[in-house]
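Side-chain atoms are counted along with the backbone in the values below, which use heavy atoms only and exclude waters and symmetry mates.
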Amino acid sequence: MTKNYFGSTDTGRVRQNNEDTFIAEPIMNNRYIAACAIDGVGGYEGGEVAAQIARDTILGYLRIPSGEVLTMLREAFSAANEKIFAEKQNNPRLEGMACVVTLALADTENNKFYYAHVGDTRLYLFRDQTLVKITRDQSFVGFLEDSGRLSEEAAMSHPKRNEINKALGFDARIATQSDYIETGESPFLPGDMLLLCSDGLTDMIDNRTMTSILLTRGSLQEKTSALIEAANNAGGKDNITAVLVHNNTKPIKQVATKPVVVKKKQREQSQQQQEESPVIPPVRRRKRSGGKAMLVLVLLCIFFGGGFLWLLYSNYRDKKAVEETPIVQKDPREQRLSASLASSRIILMLDSTYGDTLRLTEPLLVGTDTLHIRGHGLVLKADSTLKGPGLIFSANCKKVLLDSLTLDGFDVALSVQNRGVRLKNVRFINCRIPIQSTYPVPGNLYVNGTAGDTTLRIDSLPK
């Protein structure tokens, strides 16, 4: 069997040093192929140190089997995190260092792989000419992309692309947080391929480009080199790491059995034996009275026949209802606005970007503490399929200003959970409830106060 794993890392075209490292080697007496992409964080020296600590700790931990696989992966990550955190405390120059890690153990004998992940390095599964991202980027932009609020192209160029929420070295005790380390397992079928990479690859080339490279003929080394070269040709703005693992075992084939061939002589002998066999006349049974049994049988047929007809009618009715349900095509401008509400502090709704009317198909959630929305006369109109309020302002909103905006046709236009929302030249048209206030009330406690209709204080009305 040829070598079915390969990894490589490159400094890129912009950086002076390489804070990436990787693992690509058999472990535990060749039972697994360990593949790992590690991206250091924290400056010229810190990132390299954190990445190397993680690599040495994880590899040392995996060389000694210790129980269930996913538990072992979590323990390896926790051990690396503790060592990085301890080194930060001992060396003030490395105070800001950390690293993001994606690790996979491929078991080609049993056609399965296991993985653990923290940060925004990635694990992909390449199967049947399709590249599927397995891990989720633990970052704000990654969340928007994975939830469909940002396209891959928009996420690649987002200014907050490299701001991560989790990394080894951020928190001293990640072992006590069950959701800090993402883990999982999946089938790894013959012909499948795993790709582990740093964001220096995925920030430069998209899914389509990576797929086209993996589809080319050649060794894993040639494919890895082609991936890195493509990222460098696209700008090479960061260190680039790529690790490939291929399940090159042959699929199990069922042994086909030959059909039994009966020769002509055997058929003639069989026919002769049948002709010589004595013919036994059939025994006639006496007829019995079956009137009652026939009646019961007829009633059962009517009952089950009616049930079957009702089932057919129900399926037809449900199918008809589904066919008549309109398919809502979300406006790209609505997606852009939803993403901006989650990441921006000032939103300018210019005609060149949003036009003069924008139809909403789902509520817009505002969760930032400070936000200024300048509508420039934009009309937000409720789609007939909208369920719920038009805009929902969470309790985190402390200073929000809506300026020069019109809301049209909403059952509930604004849902506000505190007094941090201020309106300026906002108009409500055909809205059953313009503003609905909700109050967070502690449970199991006596509450004293007055519940008003609204928290809005109208300072003035435009003439």
Side-chain angles (χ1 to χ4, degrees), residues 1-10 20 22-27 32-39 69-70 73 100-117 119-137 142 145-146 148 151-153 155-156 182-234 240-252:
M1 183 181 296
T2 59
K3 186 176 179 180
N4 62 337
Y5 58 89
F6 188 82
S8 182
T9 185
D10 187 84
D20 286 5
F22 67 91
I23 298 172
E25 61 182 78
I27 59 170
Y32 301 102
I33 302 296
C36 185
I38 308 173
D39 186 355
V69 176
L70 293 181
L73 298 185
V100 290
V101 186
T102 303
L103 168 67
L105 295 188
D107 183 359
T108 56
E109 182 178 349
N110 296 301
N111 295 329
K112 181 180 288 188
F113 72 88
Y114 307 84
Y115 68 92
H117 164 74
D120 62 352
T121 44
R122 291 183 177 181
L123 168 64
Y124 290 90
L125 173 63
F126 185 63
R127 173 184 295 168
D128 296 333
Q129 302 183 2
T130 302
L131 190 62
V132 180
K133 186 160 76 77
I134 302 298
T135 54
R136 293 182 176 271
D137 294 349
E145 182 181 359
D146 291 336
S151 65
E152 182 185 22
E153 181 181 0
M156 289 174 66
E182 178 188 347
T183 59
E185 59 183 272
S186 178
F188 189 41
L189 306 180
D192 287 355
M193 189 181 303
L194 298 179
L195 166 63
L196 297 92
C197 57
S198 63
D199 61 350
L201 181 73
T202 54
D203 282 354
M204 294 291 101
I205 59 176
D206 57 15
N207 189 294
R208 181 182 301 176
T209 304
M210 291 188 288
T211 300
S212 64
I213 293 174
L214 295 178
L215 284 172
T216 59
R217 295 182 178 272
S219 65
L220 296 185
Q221 181 176 354
E222 292 170 337
K223 295 177 189 290
T224 303
S225 299
L227 289 169
I228 293 176
E229 182 180 2
N232 275 324
N233 291 338
I240 309 162
T241 297
V243 180
L244 292 176
V245 181
H246 181 217
N247 188 349
N248 57 356
T249 58
K250 295 182 179 180
I252 299 176

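Using a 4.5 Å heavy-atom cutoff, the side chains of Asn111 and Pro187 are not in contact. Proximity of Val69 to Tyr32: side-chain heavy atoms (C-beta onward) are separated by under 4.5 Å at one or more points.
When Thr121, Asp39, Asp20 are each tested for a side-chain hydrogen bond (donor to acceptor under 3.5 Å, both in side chains) with Ser198, only one passes: Asp20.
Between the OH atom of Tyr115 and the CG atom of Leu125 there is a distance of 11.0 Å, given to the nearest 0.5 Å. Note that CD of Glu152 and NZ of Lys133 are 9.5 Å apart. Values are rounded to the nearest 0.5 Å. How far CG of Leu70 is from OG1 of Thr183: 5.0 Å, rounded to the nearest 0.5 Å. Between Ile205 atom CD1 and Ile213 atom CD1 the span is 4.5 Å, to the nearest 0.5 Å. Rounding to the nearest 0.5 angstrom, the gap separating the CG atom in Leu220 from the OG atom in Ser8 is 12.5 Å. We find the CG-CZ distance between Asp137 and Arg122 to be 4.0 Å, quoted to the nearest 0.5 Å.
Each salt bridge (charged side-chain N to carboxylate O under 4.0 Å, His left out) pair with one or both residues in residues 193-208, not counting sequence neighbours, appears once here: Arg161-Asp203. Residue pairs meeting the side-chain hydrogen bond (donor to acceptor under 3.5 Å, both in side chains) criterion with at least one member in residues 218-234, sequence neighbours excluded: Asp10-Asn232. Identified under the salt bridge (charged side-chain N to carboxylate O under 4.0 Å, His left out) test for residues 185-197, with sequence neighbours left out: Lys112-Glu185, Arg127-Asp192.
Residues satisfying the side-chain contact (heavy atoms from CB on, under 4.5 Å) test with Ala35, not counting sequence neighbours, are Leu196, Val243, Val245. Residues forming a side-chain hydrogen bond (donor to acceptor under 3.5 Å, both in side chains) with Thr211 (at least two apart in sequence, or on another chain): Asn207. In terms of the side-chain hydrogen bond (donor to acceptor under 3.5 Å, both in side chains) criterion, residue partners of Thr9 (sequence neighbours excluded) are, by chain and number, Asn18, Thr241. Asn110 is linked by a side-chain hydrogen bond (donor to acceptor under 3.5 Å, both in side chains) to Asp107, counting only residues two or more places apart in sequence or in another chain. Applying the side-chain hydrogen bond (donor to acceptor under 3.5 Å, both in side chains) criterion to His117, with sequence neighbours excluded, gives Thr102. Partners of Asp120 by salt bridge (charged side-chain N to carboxylate O under 4.0 Å, His left out), not counting sequence neighbours: none found. Annotation: side-chain contact (heavy atoms from CB on, under 4.5 Å) contacts of Met204 (sequence neighbours excluded): Ala231, Ala234, Lys237.
Minimum heavy-atom separation, Pro190 to Asn247: N-ND2, 3.5 Å. Thr202 and Cys197 get closest at one heavy-atom pair: CG2-SG, 3.7 Å. Across all non-hydrogen atoms, the minimal contact from Gly119 to Val100 is CA-CG1, 3.4 Å.
Distance alone, capped at 3.5 Å, is enough to place a donor-acceptor pair between the Thr135 side chain and the Leu123 backbone.
Counted within 6.0 Å of CD on Glu109, heavy atoms from surrounding residues, nucleotides or ligands total 12 or fewer; the atom is thus considered open.
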What do the steps show when you test Leu194 against Phe188 for side-chain contact (heavy atoms from CB on, under 4.5 Å), and what is the final call?
CA-CA 9 Å; Leu194 298 179; Phe188 189 41; 3.7 Å; yes

